[in-house]
Protein chains: 2
Amino acid sequence: MARPAKRKKLSERGLQLVARRFKVLSEPARLKLLMALEQGEQHVSALMELTGLTQGNVSKHLGILMEAGMVDRRKQGLNAFYFIADQQILDLCELMCAKLEQDFSKDSAHFR
Amino acid sequence: MARPAKRKKLSERGLQLVARRFKVLSEPARLKLLMALEQGEQHVSALMELTGLTQGNVSKHLGILMEAGMVDRRKQGLNAFYFIADQQILDLCELMCAKLEQDFSKDSAHFR
DNA sequence: TTACTATATCACGATATAGTAGTATTCAAG
DNA sequence: CTTGAATACTACTATATCGTGATATAGTAA
């Protein structure tokens with residue numbers, strides 16, 4: 001009984017919504033932004049520096065992250081300070097990352 | 001101290017790999033297939049019935065899931081039985097789903 | 001107002017991927 | 001060996017989205 005958990009059935013619409021969320025995380029640029037925000041809020045120019053992305057690109061991806069409710073922003077004068085709105089998102093990324101590592105170590109074991 | 005966890009920095013390549021995994025989960029058709037496989041292995045024709053997808057489409061998406069190591073297959077005669085290779089993937093989906101629900105209920109609370 | 005800065009948005013070319021239709025392959029039965 | 005069934009693969013079209021460059025907007029300062 002390794003997996004007794006009960007899972008709910010998702011409707012077509014539910015699947016679509018879940019898929020859409022995963023898609024937001026399926027872009028290296030956005031993951032990079034999330035990681036840059038991990039230590040605290042940053043304004044756009046700082047994020048450009050931290051990520052190496054262009055201004056328009058940063059702004060666009062932040063917009064996508066914000067629409068997904070993953071980040072939020074606080075405006076102050078000319079600056080816009082973005083911050084992670086939902087720490088659980090980071091947990092998801094970490095989980096995925098851990099799984100990747102585990103898979104790799106499993107595969108590499110075949111050569112030892 | 002709500003979040004004392006230490007997170008490793010990911011290289012550009014690492015980000016790319018994580019993003020790629022999320023992308024595999026960012027397609028309703030693939031999520032549907034994973035859910036259909038939740039209760040046990042299924043052969044392709046059964047998956048066509050369960051998901052309503054066409055044969056070529058099912059085969060293609062299963063290929064993508066397999067390449068990502070999320071499902072695996074066992075051949076028996078003419079049939080190919082696919083099964084979930086990594087239960088942790090389902091946990092990820094469930095987490096995302098739970099987060100969605102939570103966000104929705106939070107938003108809808110503003111109207112009560 | 002005018003000028004400057006930070007950010008957002010728009011338009012566009014390039015690329016990627018979903019779905020489909022048709023074809024190829026593989027196995028089993030006769 | 002031939003036929004039929006289950007699955008995989010290939011070629012194609014349509015759509016979506018990334019990155020970029022140009023422009024628009026909003027706040028600040030002189």
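Sequence lines set the chain letters: A, B, ... in the order given, protein chains first and strands last, and positions in each chain run from 1.
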Closest-nucleotide 5' rank along DNA chain D - winner of A:Gln76 and A:Ala29: A:Ala29
- prompt: Does the side chain of B:Tyr82 get closer than 4.0 angstrom to OP1 or OP2 of D:dA6 through an N or O atom?
  reply: no
message: Rounding to an integer number of Å, can you tell me how far B:Ile64 CD1 sits from D:dT7 P?
response: 18 Å
- request: Output, in order, the C-alpha distance, side-chain angles, deciding distance and verdict of side chain to side chain contact (heavy atoms under 4.5 Å, CB included) for B:Val18 and A:Leu100.
  value: CA-CA 7 Å; B:Val18 173; A:Leu100 249 181; 3.7 Å; yes
First-last contacting nucleotides on DNA chain C - partner chain B, under 4.0 angstrom, heavy atom: C:dT17 to C:dA28
field: Terminal axis angle for the helix from C:dT1-D:dA30 to C:dG30-D:dC1, five pairs an end, nearest 10 degrees
entry: 20°
query: Rounded to the nearest Å, what distance is computed from the CD atom of residue B:Glu49 to the C1' atom of nucleotide D:dA6?
result: 14 Å
- request: To the nearest 0.5 angstrom, please state how far the CG atom of A:Asp72 sits from the CG atom of A:Leu62.
  value: 11.0 Å
message: Which nucleotide wins on minimum distance to the side chain of A:Thr54, given the candidates D:dT20, D:dA6, D:dG19?
response: D:dT20
message: Distance check needed: D:dT17 P versus B:Arg20 CZ, whole Å only.
response: 19 Å
message: Between P on D:dA6 and CG on B:Leu47, what's the gap in Å once rounded to a whole number?
response: 14 Å
query: In whole angstrom, what separates B:His61's NE2 from D:dA8's P?
result: 14 Å
message: For the CD atom on A:Glu67, are there more than 12 heavy atoms of other groups (residues, nucleotides or ligands in this structure) within a distance under 6.0 Å?
response: no
- prompt: Is B:Lys99 salt-bridged to A:Asp91, going by a charged N under 4.0 Å from an acidic O?
  reply: no
- request: Remember a base hit wins even if backbone is also touched, and classify A:Phe81 as base, sugar-phosphate or nothing at under 4.0 Å, heavy atoms.
  value: nothing
query: If we only count heavy atoms from C-beta on, is the A:Asn79 to A:Val44 side-chain gap below 4.5 Å?
result: no
statement: With the side chain defined as heavy atoms from C-beta on, A:Leu78 is closest, among D:dT28, D:dA5, D:dT7, to D:dT28
query: Do B:Phe104 and A:Leu17 have side chains that get closer than 4.5 Å, going by heavy atoms?
result: yes
task: Measure the distance from CG on B:Asn57 to C1' on D:dT10 and round it to the nearest whole Å.
output: 14 Å
task: Classify the nucleic acid contact of B:Ser59 as base, sugar-phosphate or nothing, counting any heavy atom under 4.0 Å across all strands shown.
output: base
Which residue lies more 5' along DNA chain D, comparing A:Gly77 with A:Gln55 via nearest heavy atoms: A:Gln55
- request: Please report, rounded to the nearest Å, how far the P atom of D:dT20 is from the NZ atom of A:Lys60.
  value: 10 Å
field: Nucleotide D:dT28, atom C1' - distance to CG of A:Asn79 in whole Å
entry: 11 Å
field: B:Lys106/A:Asp86 ion pair, N-O < 4.0 Å
entry: no
query: Is it the case that more than 12 heavy atoms not belonging to A:Gln102 sit under 6.0 Å from its CD atom?
result: yes
message: Between B:Arg73 and D:dT7, is there a contact of a side-chain N or O with OP1 or OP2 at under 4.0 Å?
response: no
message: Go through it in stages, so that I can follow the logic: the residues are A:Met35 and A:Lys32, the test is side chain to side chain contact (heavy atoms under 4.5 Å, CB included), and I'd like the CA-CA distance, side-chain angles, deciding distance and then a yes or no.
response: CA-CA 5 Å; A:Met35 287 183 55; A:Lys32 209 186 284 192; 5.8 Å; no
- prompt: Step by step, would you call A:Ile89 with A:Leu25 a side chain to side chain contact (heavy atoms under 4.5 Å, CB included)?
  reply: CA-CA 9 Å; A:Ile89 286 299; A:Leu25 296 178; 4.2 Å; yes
